[in-house]
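Written below as structure tokens is the structure these notes are about.
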Amino acid sequence: MLQQARVVIIGGGVIGCSVLYHLTKQGWTDVVLLERKELTAGSTWHAAGGFHTINGNANIARLQAYTCGIYKEIQELSGQDVGAHYVGGLLVAATNQRWEYLRAEHARHHVLGIESELLGPAEIKKLCSIMDTRDVIGAIYDPLEGYLDPSGATYAYAGAAKAAGATIYRHTMVEGLARRPGGEWEVRTNKGVIVAEHVVNAGGLWAREVGKMAGVDLPLVPMEHHYLITDDLPELNGLPEMPSIADLDGGLYLRQEHQGMLLGVYESNAVPWAVAGTPWDYAENELLIPDLDRLGEDLTRGFERYPAIASAGIKRIVNGPFTFSPDGNPLVGPVAGLPNYWVACGVMAGFVQGGGVGRSLAEWMVDGQPSVDVFGMDIARFDTRLPQSVTIARAREFYGRRFDIPYPNETWLAGRPYKTSPLYAAHEAKGAVFLSSFGFEAPAYFAPAGQPFQEQPTFRRSNAFDIIGAECRALRSAVGVVDLSAVSKFFVSGPDAEAFLRKVVASPLPSIGRTVPALLLSAAGRIIGDLNVGCRADGRYFLTAPTFMQAVYERCFLEHARNFDVTLRNATDELGALFVAGPRAVELIDALSAHYRIGTALKSGDLAEAAIGYAPCHVVASDRIGERGFELYTPNVHLEALYRQILITGRAFGVRDIGIRAFSTLVMEQAPGTTLREMSQDHTVAECGSHDLLDHERSDYVGHAAAMASLAHEPEFRLSALRVETLDADPVGEEPVWVGDRYVGYTTSGHYGHTVGYAMAMAFLNEEGRAPGASLEVSVLGERCRARIVTIPFPKLEPMTIELPELVTGQI
Ligand SMILES: Cc1cc2nc3c(=O)[nH]c(=O)nc-3n(C[C@H](O)[C@H](O)[C@H](O)COP(=O)(O)OP(=O)(O)OC[C@H]3O[C@@H](n4cnc5c(N)ncnc54)[C@H](O)[C@@H]3O)c2cc1C
């Protein structure tokens, strides 16, 4: 066995083999894969082998399309037949809501570059004669989809990698990992030690155990999953092979298997497996005991739509385990604080996502970042301290609701509350409806207290629309208080604090007592995200950033911090935060700091340490929503007292609670873009028009050269603000923008602007879309809505000018 390698991959399932292949494709051939048994010995061998493109996350859907297309390539390179059947795929709708969702999804396919079509019941029947289409409204047909032989595909990845120079050792069990003082990884196996620069955990069913070898707790859990294969159906005799089907309202997926059918169910009562850890002696080719009673209800629904299946005998039942993360998407990327330790696990659909996971991780390792933003599968989208009980609750919910319609206004409830602000109970008593971000509960809005309120999940304006509108107007007419405790907060101190930030942050650093909006760039000059950097009187820096980016930023800071004499403290859970804003905010803050009149004293962007009421606060004056505003950060022990004082003193100024949904709308009315929507690794500074945020005086920050190079070219797409004419459904992002039949761009975010009076969207548009007077249309829920470019901040709707006919004397 080799004693050294650039990369050691642990695990020879479809994911490990895909990572191996993609590393060779990126030019790294000194790569070794270790498999404890035979390749495919984990979840891989018993998969149903289906592949499709649909995913709620745009870039994961794009990467799924990439995966669907890669099988021909690896078959050719390896000479190994993958057994692919490109039969196409149908996503079937039998309710109006589902049909609305599919039409929106079909429009979104233009943005994703996926060529699909919408079919009516008669066309569906032609493709799938055994379906009773009486209740069916329609389907999306995607010709890229199909199924394959799981083992063939895994061996094809492995064969293509080996042909390019990679090495695979089977029956080689990794028993331990250690970091050497020089930073290399010592990989201890039953056959000896290999020293590697990089280690990849692709341990699949055993990824948790492999994680623990390096001290990492991975938020994932295996789940049991069944599929059945029927006897041959005479109804299929002589017909062309039918497409794979996800019968979303029927709750099952199915495809042809020779002359019979394979059908699988995501039952609502999902059953986790091996919660305490996957046994090392779980044998290759071992299956779990089937429990068809669990599937009864779902199967019965399915049989109604496919009566021929109901009368067919069952040839084979498979119940096997595979791993799930809390949101069902993979866990990929570098692990914070463990240099050169990478994960590629938690993949619940290895044949749908394996190519994309392998490509993204290989690009990350070789180039320093993936070529598309993969936040949706980045391990850092989760708090790695997430208790297993939360992971299990969320993974079970995801499994059971896998085919549910993903309404944009619905937040799922499992594993909540996990983290709460000290104001949680007080807000709950006031009718707060909460959303969860990075596990943190935040009031989304305040429903009328004392009355039961249930928001209807919908793609259109919901019954919370007027509540949110009232909150927006209340803030802009007096003063509002928003609980922003979930915001990420960091302190940076030490002799090299400034030098460290000069490296990490691409924007000018603030002087003492000031804050600045700033950008973090990747080495390739793309935007990781935005943050606010403040400098305290004692020279320590106080950083605030979007809630959900906490672990991404922390990982990025840690990566550079080791080269500086700097202390980094994540203070997110320690400090609460309230945002007080509105035309009367200055008066309120002055009243709460009577001796200093902080409200009057601070101008926008100032940072002060001061008592507000009796609470010691970092006060940041922020006009981010176009009103005078103050962010108040205080230790959680003071938060409730501060809140009470704001409410009591604020009564005279008309203060009221405002939720995050109103706050986000108000931010959008004013601001040019948000992290992950516009400010993401998919976009450059030039595309976002955010070069004003860069520090043009220096070149010592990460990504400088690449950012400058990108600024030298006119980008194809640029960010614009759109006013969209909508009736009862507003843009949410990822909608295509058209001029006539020509695709000219795509939206990245949208809200109804309650205080500007119309639907707003941010969109990346090409030159034709940006041309003065271009007659733009945005597909909202698949319907074309007229749109036009407006300035930022979004202007208030001008009063309608109604042209009256001239009065003729004597007419009245
Ligand atoms: C019933 C069922 C049906 C499915 N159908 C589909 C489908 O239709 N389409 C689809 O895309 N997905 C499907 N899946 C999911 C798919 O099987 C998984 O997503 C995929 O197999 C995950 O692959 P993996 O490589 O991550 O993990 P695994 O296949 O579990 O591979 C991990 C490998 O790592 C090895 N390993 C672990 N620890 C060590 C160690 N310490 N040293 C050396 N080697 C180690 C293991 O032996 C194993 O071979 C299905 C799953 C089930 C259960």
Side-chain angles (χ1 to χ4, degrees), residues 8-20 32-52 64 67-68 89 145-151 153-154 157-158 168-177 187-191 199-213 220 222-229 244 246 253-255 257 262-266 273 278 280 282-285 287-288 290 316-325 328 330-332 343-358 399:
V8 165
I9 298 167
I10 306 169
V14 62
I15 298 304
C17 292
S18 171
V19 174
L20 188 75
V32 171
L33 183 145
L34 305 178
E35 166 54 48
R36 57 194 266 280
K37 302 259 180 183
E38 293 291 346
L39 299 184
T40 78
S43 295
T44 296
W45 71 272
H46 54 55
F51 52 86
H52 57 80
Q64 290 182 182
T67 304
C68 295
E145 301 182 0
Y147 69 95
L148 45 59
D149 164 24
S151 183
T154 308
Y157 277 125
I168 295 178
Y169 295 112
R170 293 171 300 122
H171 300 283
T172 306
M173 163 88 180
V174 175
E175 295 171 336
L177 284 174
V187 184
R188 298 172 187 156
T189 79
N190 58 343
K191 304 253 175 89
V199 166
V200 179
N201 175 356
L205 279 181
W206 295 267
R208 289 172 299 170
E209 287 66 35
V210 174
K212 287 201 175 86
M213 292 177 191
L220 51 85
M223 295 282 187
E224 294 191 13
H225 182 63
H226 290 79
Y227 63 79
L228 325 174
I229 297 176
S244 303
Y253 65 88
L254 60 160
R255 67 164 170 85
E257 172 83 1
L262 177 154
L263 66 156
V265 171
Y266 284 91
W273 177 76
T278 304
W280 287 113
Y282 179 67
E284 137 199 32
N285 300 335
L287 286 174
L288 308 175
R316 185 165 174 238
I317 304 173
V318 170
N319 180 17
F322 59 154
T323 51
F324 280 72
S325 73
L331 300 178
V332 179
V343 291
C345 49
V347 187
M348 56 80 61
F351 300 94
V352 175
Q353 299 180 326
V357 167
Y399 181 106

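Whatever order the structure lists them in is the order used to number ligands and atoms, beginning at 1.
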* Without swapping roles, check the side chain of Thr40 against the backbone of Trp45 for a donor-acceptor pair under 3.5 Å. => no
* **Within 45° cone of Trp206 ring axis and under 6.0 Å: Arg36 NZ or CZ** => yes
* Sort out the contact shell of ligand 1: every protein residue with a heavy-atom distance below 4.0 Å, listed by chain and number. => Ile10, Gly11, Gly12, Gly13, Val14, Ile15, Leu34, Glu35, Arg36, Ala41, Gly42, Ser43, Thr44, His46, Ala47, Ala48, Gly49, Gly50, Thr172, Met173, Val174, Ala202, Gly203, Gly204, Leu205, Trp206, Val210, His225, Tyr227, Trp280, Gly320, Pro321, Phe322, Val347, Met348, Ala349, Gly350, Phe351, Val352
* Any idea how Tyr266 and Tyr253 line up, ring-wise: parallel (<30°), tilted (30 to 60°), or perpendicular (>60°)? -> tilted
* Asked: Ignoring hydrogens and geometry, is there a side-chain-to-backbone donor-acceptor pair from Glu209 to Thr278 under 3.5 Å?
  -> yes
* **Glu38/Arg170 salt bridge by N-O under 4.0 Å criterion** => yes
* Asked: Do the side chain of Thr67 and the main chain of Val352 share a donor and acceptor less than 3.5 angstrom apart?
  -> yes
